[in-house]
Amino acid sequence: MLSYWRQYLAISPFYLIFAAFSFVPVFYSLYLSFQRYDGLGTKQFVGLQQFEFLWNDPVFWLSIRNTLLIWILSTVPTLFGALVLATLLHSVRRFKGFYRIALYVPNVTSIVAVAIFFGAVFSNNFGLVNAILGTVGIEPVPWLSNPWLIKVVIAALMTWMWTGYNMIIYLAGLQAIPQSVYEAAKMDGAGPVRTFFQITIPIMRPIILFTVVVSTINGLQSFSEPQVLFASNAANQNLGGPGQAGLTTLLYFYQSAFLDNDYGYGAAIVWAFFVLIIVLVVINWRIVQRGRKS
């Protein structure tokens with residue numbers, strides 16, 4: 001092994017940077033979750049007190065509910081829409097490259113720019129959506145003040161950004177399916193709908209499992225969307241909009257750690273949320289795998 005020291009030396013910068021900026025901070029945050037620390041004073045070991053307070057914190061559970069609702073409202077249409085778009089694009093013969101780029105562009109666009117755009121489009125008073133509704137005689141809708149509609153707007157933003165990403169993955173899977181399979185199904189009298197549900201989806205199940213897991217992890221980590229939509233900063237701590245309807249768990253962590261300077265409690269929030277993400281990923285994995293076995 002020592003004879004390959006030059007090769008190990010060549011790749012060492014990556015591992016050193018990873019250890020310094022990812023590995024060490026992760027375990028340091030675990031250490032902080034058992035401390036009371038404001039970032040300047042002396043750390044005070046408090047054991048499980050941070051997690052006990054977390055368990056009884058109504059704002060934390062509010063953030064969990066908001067996060068789960070936004071995740072469901074965004075993930076389901078994202079994955080379904082991506083699969084439908086990939087199927088349609090797979091059958092297109094002309095301008096396929098143009099459609100791929102056009103559908104993927106939202107994913108590489110800055111989240112901040114997209115959030116600002118959605119904030120303007122869904123503005124209560126001067127938004128484009130309400131202007132269009134006004135032309136057909138519908139009263140303005142309080143998109144950014146109604147608790148449920150706030151979640152819908154955030155979910156729509158996330159759906160717009162991530163549908164193209166999942167569509168590209170599904171399209172790659174569709175292109176790997178032999179055309180002879182579809183020709184055999186057509187000869188047996190299977191229509192497009194039956195072919196989609198009985199051939200395409202079963203063959204694509206491993207890829208769907210991958211996108212479900214990735215979408216679970218990404219969807220539960222919504223932070224920039226509500227922060228930018230409602231201009232949350234040190235001067236304006238109305239996190240998540242009116243009634244904190246858009247307060248996600250990572251946004252609550254941001255408030256606790258960087259606005260309230262309670263780094264120990266902030267660390268406890270993210271570790272509890274990490275456990276929740278793992279549980280949901282395992283549940284999704286089991287559901288999809290059970291469907292595969294059946």
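None of these values were measured; they are calculated from a predicted model.
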- Full working for side chain to side chain contact (heavy atoms under 4.5 Å, CB included) between Ile64 and Leu276: CA-CA 9 Å; Ile64 291 292; Leu276 175 64; 3.6 Å; yes

Report yes if some heavy atom in the side chain of [X] is under 4.5 Å from a heavy atom in the side chain of [Y]; otherwise report no.
X	Y	answer
Asn261	Tyr37	no
Asn125	Pro140	no
Leu103	Thr163	no
Ser63	Thr248	no
Thr216	Thr75	no

In terms of the angle between their ring planes, are [X] and [Y] parallel, tilted or perpendicular, with boundaries placed at 30° and 60°?
X	Y	answer
Trp61	Trp55	perpendicular
Phe122	Trp143	perpendicular
Phe14	Phe18	parallel

- Applying side-chain contact (heavy atoms from CB on, under 4.5 Å), name anything that partners Phe196, two or more places apart in sequence or on another chain. Leu83, Thr87, Thr200, Ile201

Examine [X] together with [Y] and report whether their ring centres are nearer than 6.0 Å.
X	Y	result
Tyr28	Tyr31	yes
Tyr254	Phe223	yes
Phe34	Phe51	yes

Donor-acceptor contact below 3.5 Å, side chain [X] vs main chain [Y]:
X	Y	result
Ser123	Gly119	no
Asp262	Asp38	no
Asn130	Val141	yes
Thr135	Ile132	yes
Gln255	Leu251	no

Look up atom [atom1] in [X] and atom [atom2] in [Y], then write down how far apart they are to the nearest 0.5 Å.
X	Y	atom1	atom2	value
Leu62	Leu247	CG	CG	6.0 Å
Thr159	Ile154	OG1	CD1	11.5 Å
Asn146	Lys151	CG	NZ	8.5 Å

In this structure, would [X] and [Y] fall into the same cluster of hydrophobic residues linked by side-chain contacts under 4.5 Å?
X	Y	value
Val136	Leu128	yes
Leu30	Leu32	yes
Leu88	Phe98	no
Leu73	Met161	no
Ile199	Val193	yes

- Task: Check step by step if side chain to side chain contact (heavy atoms under 4.5 Å, CB included) holds for Val46 and Gln50.
- Result: CA-CA 7 Å; Val46 294; Gln50 303 281 21; 3.8 Å; yes

Heavy-atom neighbours of [X] [atom1] exceed 12 at 6.0 Å:
X	atom1	answer
Lys43	NZ	yes
Glu139	CD	no
Phe45	CZ	yes

- Check step by step if side chain to side chain contact (heavy atoms under 4.5 Å, CB included) holds for Gln175 and His90. CA-CA 7 Å; Gln175 291 176 341; His90 184 57; 3.8 Å; yes

Go through the side-chain N and O atoms of [X] and [Y] and say whether any donor and acceptor fall under 3.5 Å apart.
X	Y	value
Asp57	Tyr265	yes
Trp271	Ser29	yes
Thr249	Thr67	yes

- Intermediate values then yes/no, side chain to side chain contact (heavy atoms under 4.5 Å, CB included), Ser256 and Ile269: CA-CA 9 Å; Ser256 299; Ile269 291 173; 3.5 Å; yes

- Looking at Leu79, Val84, Leu89, which one forms a side-chain contact (heavy atoms from CB on, under 4.5 Å) with Tyr170? Leu79

